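Below: one structure, written as structure tokens.
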Amino acid sequence: MSEAYNPEVIEKKWQKIWDDEKAFHAPNDYTKPKMYNLVEFPYPSGQGLHVGHPRPYTAMDIVSRKRRMQGYNVLFPMGWDAFGLPTENYAIKNHIHPKIVTKNNVARFKAQLHRLGYSFDWDREVNTTDPNYYHWTQWIFLKLFKAGLAYKTEMPINWCTSCKVGLANEEVVGGVCERCGSPVIRKMQSQWMLKITAYADKLIDDLDLVDYIERVKIQQKNWIGRSHGAEVDFALKGKEEKLRIYTTRPDTLFGVTYMVLSPEHPYIEQFKDEIKNWDEVVAYREAAARKSDFERTELAKDKTGVCIDGISAINPVNGEEIPVWISDYVLMSYGTGAIMAVPGHDDRDWEFAKKFNLPIIEVIAGGNVDEAAFTDVQTGTLVNSGFLTGMSVEEAKKAITEFLHKNGLGEPKTNFKLRDWVFSRQRYWGEPIPIVKCEKCGYVPIPEDQLPLELPDVKSYMPTDTGESPLAHMTEWVNTTCPCCGGPAKRETDTMPQWAGSSWYFLRYIDPENDTCIADPEAMKYWLPVDWYNGGMEHTTLHLLYSRFWHKFLYDQGVVPTPEPYQKRTSHGMILGSNGEKMSKSRGNVVNPDDVVNDFGADTLRTYEMFIGAFELAAAWSEDGVKGCRKFLDRVWKLQDIVKDGNAYTPALETRIHQTIKKVSNDYEEMKYNTGIAAMMTLVNDFYKVGSITKADYKVLLVLLNPVAPHITEELWERMGFAGRLYNTAWPEYDEEKTVEAMIEVVVQINGKVRAKITVPKDVDKDTAIAAGKEAVADKLTGTIVKEIYVPGRLVNIVQK
RNA sequence: GCAGAUAUGGCGGAACUGGCAGACGCGCUGGAUUUAGGUUCCAGUGGUUAACACCGUGUGGGUUCGAGUCCCACUAUCUGCACCA
């Protein structure tokens, strides 16, 4: 009898051996086929590793280990996305420098990840808060600035009226400040912006070049929200100025019954003197300022608005005078901040019109506009629409756009929902923006040879009460000279958002120590693009899009060799608490991975997280499920006792072994880890049923299981006296011929209901199978046979009347 | 509100392109081993039924010899919504 399986001892032993042997170092050997596997690097939070982290990490570790065994030069790196709000808030509260908080958190995360036996190449570790790293984050910003893609503008921010600080959306709960409960308003603040909209078309179109799971592509496309429509000028009665609106439905122009301006629309201020109900308008505007865009559109069911008394517009196609309203369902950030309202054919306009008793005109026949807006663009026909009457929506769009263009009333316009990226944070713990402001020269970039611009030490990390960054207190740092004219200048005190460092980190892994460029171009040519990037669905529209944007920019600048950073993108589901809810301290359902490793071992945790359910779906934690996986590993361990010498598979197991190699090899590549593990469980069950196995049988199991449970399998490999290390053993092959039994079972149905089962040779022909099937159910064939179906290897179906 | 997804036993889940629903694991029941508990091993386990058989994949329709899978209309839940990461 072998001694008991003791993960605590063997896991430490093998982790040390792998470190000492640099087992998973990815050499820059450009002659080998490469595979670059990437997982999202964590934010090293104070809470330590969460059981959610190991799910994607183990998954990609499995792929990486398997591909190494198949001869690939695999790059599987890890690092730290360490700038961020929680660290800064912790530092403020506890008076510890964020640098120290970060250092401690990173050390803890690293130790926790190390215990899980991941095959990361730790020689390539990066940290976004390291000046040698953010040197290049700043360098990219300067490139963007010089290319005209970084600019400053006034943007609304959340402003706590009591703390007098800018707040992140997350810090605003129910319209009040999370810390003090005071009301939060929207205040205008000068902000650095990145022109991601300049890449909107490419970001959509180039999705055709990559292999992302479909829902990621769809979500990115919808987020960018490209729509084709027209901008139309409406005359304002008695004024020179025109009111320009954007619409995706210019075909409904004859159905406009009112106009709506966003509460922030500049015309409101401009025409102040003519607005008779000014007080009411201002009151409404102030109320709207207290709501976020999200709240404004969320409350869409209960529309609010005010009719501007004193201003009206003229419909350019029929000369009709129509009222102008303001309402918060129109956003200044989309289109022109003004819309033409067609209640007959737009749901939001319809609800608004119903509420305020505005007329509804039907211009597309096909529905009943008294009941609901008719929004179908496929079937309707234009009515009540002058020269458009009788056309389809498609035809009318074309005709009206041409008409508007010819008469100087408007033009076709492509719009995007995507907005430019607000790149400023009035915070300390971020990369300083390497710009100075000179009275004479304006915004001037710091010369590249002066990078990195290091974050200075400050005494207090609290933002100033003017809404500036804590860096604004550092007068000796802020006051500098202009690199352009040598005159007095002030440094930018805003820092970059956390997204900056994570937008290009995969490039730095390629050549993390390089201090003359982002990464060696030869090395980038070899390793890029990232072959497989797995991450959370929640990063689809921000991080993933931001990093694609930066990469595309760097490609246009000739810095990187590929137009897209990631060839393939997959996504994992969340791990929920045992009650099926998201894990959180307040719900008390948090599971600490350290406890699981202590109680059951890292291999058990890894196996369980892969077995828990379909990789892309959310799954609830179950302590009993963990135990089941430990039991499986115990059974694998104890197979030692029934192994006998032999270089061939046990004949009774041969088919099952070939089937399992095939199944597991495919499942790992398709991220169907749960069924792959189930297949190995079945194999182990079969091993015990047979009662004794050969070394060859056992060897296959150990290799297949190694990517999931690397420590126990490596230990057993050594104990069985197999040559070399398991981690660099070749992946097993299977023989397709041998995956199918000679005799197969086929179901016999009558009218689709199973009535019998027959056993036939695997390559039986249709007629023989049907004849055998009929014989098996002869006593039940009482009617007239109208159809006979044979699905090879599966079933015979006799249809009778 | 907009966008994306999901729904199968007591539980987690499986089911390739429409072909035996419930693989594998947990839990539970019974038995063996054990002084006992635990561990381990063996057998059983969707529901109704004495049985034959029938019913069963969120709800309601449809297509098909055959639907968890395809189509239409719903419902519920989860994720994201731009300063959390």
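Nothing here was measured: the structure is a model prediction, and the numbers come from that model. Every chain is numbered from 1, with letters handed out A, B, ... down the list of sequences.
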Q.
Strictly below 4.0 Å: does A/Asn751 bring a side-chain N or O up to OP1 or OP2 of B/G66?
A. no
Q: Go through B/C20, B/G4, B/C81 for me and flag the one nearest to the A/Trp223 side chain.
A: B/C81
Q) Counting side-chain heavy atoms from C-beta on, which of B/G13, B/G4, B/G80 comes nearest to A/Asn674? A) B/G13
Q: Tell me yes or no: between the side chains of A/Asp494 and A/Ser469, is some donor less than 3.5 Å from an acceptor?
A: no
Q | A/Ile612, nearest nucleotide to its side chain (from B/G12, B/C20, B/C83) | A | B/G12
Q: Select one nucleotide: of B/C84, B/G25, B/C20, the one nearest the side-chain heavy atoms of A/Leu85.
A: B/C84
Q: Would you classify A/Lys672 as touching base, sugar-phosphate or nothing, given that sugar-phosphate means primed atoms plus P, OP1 and OP2, and contacts are heavy atoms under 4.0 Å?
A: sugar-phosphate
Q) Glycosidic conformation of B/G30, syn or anti, with 90° from 0 as the boundary? A) anti
Q: Describe the nucleic acid contact of A/Leu795 in one word from base, sugar-phosphate, nothing, applying a heavy-atom distance below 4.0 Å.
A: base
(Q) Ignoring hydrogens and geometry beyond distance, is a side-chain donor-acceptor pair present between A/Ser622 and A/Asp624 at under 3.5 Å? (A) no
**Q.** B/G4 phosphate, OP1 or OP2, under 4.0 Å from A/Asn222 side-chain N/O
**A.** yes
Q.
Categorize A/Met574 for me: base, sugar-phosphate, or nothing, with a 4.0 angstrom heavy-atom threshold over every strand shown.
A. sugar-phosphate
Q: State whether a side-chain donor-acceptor pair under 3.5 Å links A/Gln800 with A/Asn751.
A: no
Q. Expressed in angstrom and rounded to an integer, what is the separation of A/Ile744 atom CD1 from B/G19 atom C1'?
A. 13 Å
Q | Ring geometry between A/Tyr673 and A/Phe615 (parallel below 30°, tilted from 30 to 60°, perpendicular above 60°) | A | perpendicular
Q.
So if I take every side-chain heavy atom of A/Arg755 and compare against B/G13, B/C54, B/C83, which nucleotide ends up nearest?
A. B/C54
Q | Closest to side chain of A/Lys638, choosing from B/C20, B/C24, B/U40 | A | B/U40
Q: Ignoring the backbone of A/Trp421, work out which of B/C83, B/C54, B/A85 is nearest its side chain.
A: B/C83
Q: Mind telling me whether A/Tyr334 and A/Tyr246 have parallel, tilted or perpendicular rings, with 30° and 60° as the class edges?
A: perpendicular
Q. A/Leu617 near the nucleic acid: base, sugar-phosphate alone, or nothing, with a heavy-atom cut-off under 4.0 Å?
A. sugar-phosphate
Q. What do you reckon, are the aromatic ring centroids of A/Tyr5 and A/Trp637 less than 6.0 Å apart?
A. yes
Q | Interatomic distance where NE2 belongs to A/His539 and P belongs to B/C83 [whole Å] | A | 14 Å
Q. Do A/His539 and A/Glu40 have side-chain atoms, one donor and one acceptor, less than 3.5 Å apart?
A. yes
Q | Pair of N/O donor and acceptor under 3.5 Å linking B/C65 base with A/Asn797 side chain | A | yes
Q.
Checking A/Arg635 against A/Asn685: is there a side-chain donor and acceptor pair closer than 3.5 Å?
A. yes
Q.
Students often get this wrong, so: under 4.0 angstrom with heavy atoms, is A/Ala679 touching a base, only sugar-phosphate, or nothing?
A. nothing
Q | Phosphate OP1/OP2 of B/C83 contacted by A/Arg425 side-chain N/O (<4.0 Å) | A | yes
Q: Whole angstrom is fine here: how far is it from CZ in A/Arg419 over to P in B/G80?
A: 17 Å
Q. A/Asn169 has an atom CG; how far is it from atom C1' of B/C81, in whole Å?
A. 9 Å
Q: Figure out the OH/P separation between A/Tyr329 and B/C2, and round it to whole Å.
A: 14 Å
Q. Heavy atoms under 4.0 Å, any strand shown: does A/Ile677 hit a base, just sugar-phosphate, or nothing?
A. nothing
Q: Mind checking A/Ala620 for me? I need base, sugar-phosphate or nothing, with any heavy atom below 4.0 Å counting as a touch.
A: nothing
Q: Would you please confirm or rule out a distance under 4.0 Å between OP1 or OP2 of B/G25 and any side-chain N or O of A/Asn685?
A: yes
Q. How would RNA chain B look in dot-bracket form, 5' to 3', counting Watson-Crick and G-U wobble pairs with both distances under 3.5 Å and writing | for bases paired to another strand?
A. (((((((..(((......[....)))((((((.......))))))(((....)))..(((((..]....))))))))))))....
Q. A/Phe615 has an atom CZ; how far is it from atom C1' of B/G12, in whole Å?
A. 17 Å
Q: Could you check whether A/Glu40 gets within reach of a base, just the sugar-phosphate, or nothing at all, counting any heavy atom under 4.0 Å?
A: nothing
Q. At under 4.0 Å between heavy atoms, what does A/Lys753 touch on the DNA or RNA strands: base, sugar-phosphate, or nothing?
A. sugar-phosphate
Q) What is the nucleic acid contact for A/Glu745, judged by heavy atoms within less than 4.0 Å: base, sugar-phosphate only, or nothing? A) base
Q: Rounded to the nearest angstrom, tell me the gap between atom CD in A/Gln426 and atom P in B/C83.
A: 11 Å
Q: Scan A/Ile789 against the nucleic acid and name what it touches under 4.0 Å (heavy atoms): base, sugar-phosphate only, or nothing.
A: base
Q.
Check this one for me: any side-chain N or O of A/Arg635 less than 4.0 Å away from OP1 or OP2 of B/C41?
A. yes
Q: Classify the nucleic acid contact of A/Ile798 as base, sugar-phosphate or nothing, counting any heavy atom under 4.0 Å across all strands shown.
A: nothing
Q: With heavy atoms under 4.0 Å as the rule, sort A/His543 into base, sugar-phosphate or nothing.
A: nothing
Q: Take atom CZ of A/Arg630 and atom P of B/C24, then tell me their distance rounded to the nearest Å.
A: 23 Å
Q | Candidate nucleotides B/A5, B/C83, B/C20, ranked by approach to the side chain of A/Ile218 - the nearest | A | B/A5
**Q.** Nucleotide nearest A/Ala168 (side chain, heavy atoms from C-beta), chosen from B/A82, B/G19, B/C84
**A.** B/C84
Q.
Can you see if the side chain of A/Lys631 gets near the phosphate of B/C26 - specifically, an N or O under 4.0 Å from OP1 or OP2?
A. yes
Q.
Nearest 0.5 angstrom please: A/Phe416 CZ to A/Ile204 CD1, how far?
A. 6.0 Å
**Q.** Side-chain H-bond candidate by donor/acceptor type, A/Thr87 with A/Tyr43, under 3.5 Å
**A.** yes
Q: Classify the side chain of A/Lys417 and the base of B/C2 as holding, or not holding, a donor-acceptor pair under 3.5 Å.
A: no
Q) With respect to the side chain of A/Thr675, which nucleotide from B/A15, B/A5, B/A85 is positioned closest? A) B/A15
Q: Could you check whether A/Leu576 gets within reach of a base, just the sugar-phosphate, or nothing at all, counting any heavy atom under 4.0 Å?
A: nothing
Q) Quick one: which of A/Tyr505, A/Trp429, A/Trp499 gives a ring-ring contact (aromatic ring centres under 6.0 Å, His included) with A/Phe83? A) A/Trp429
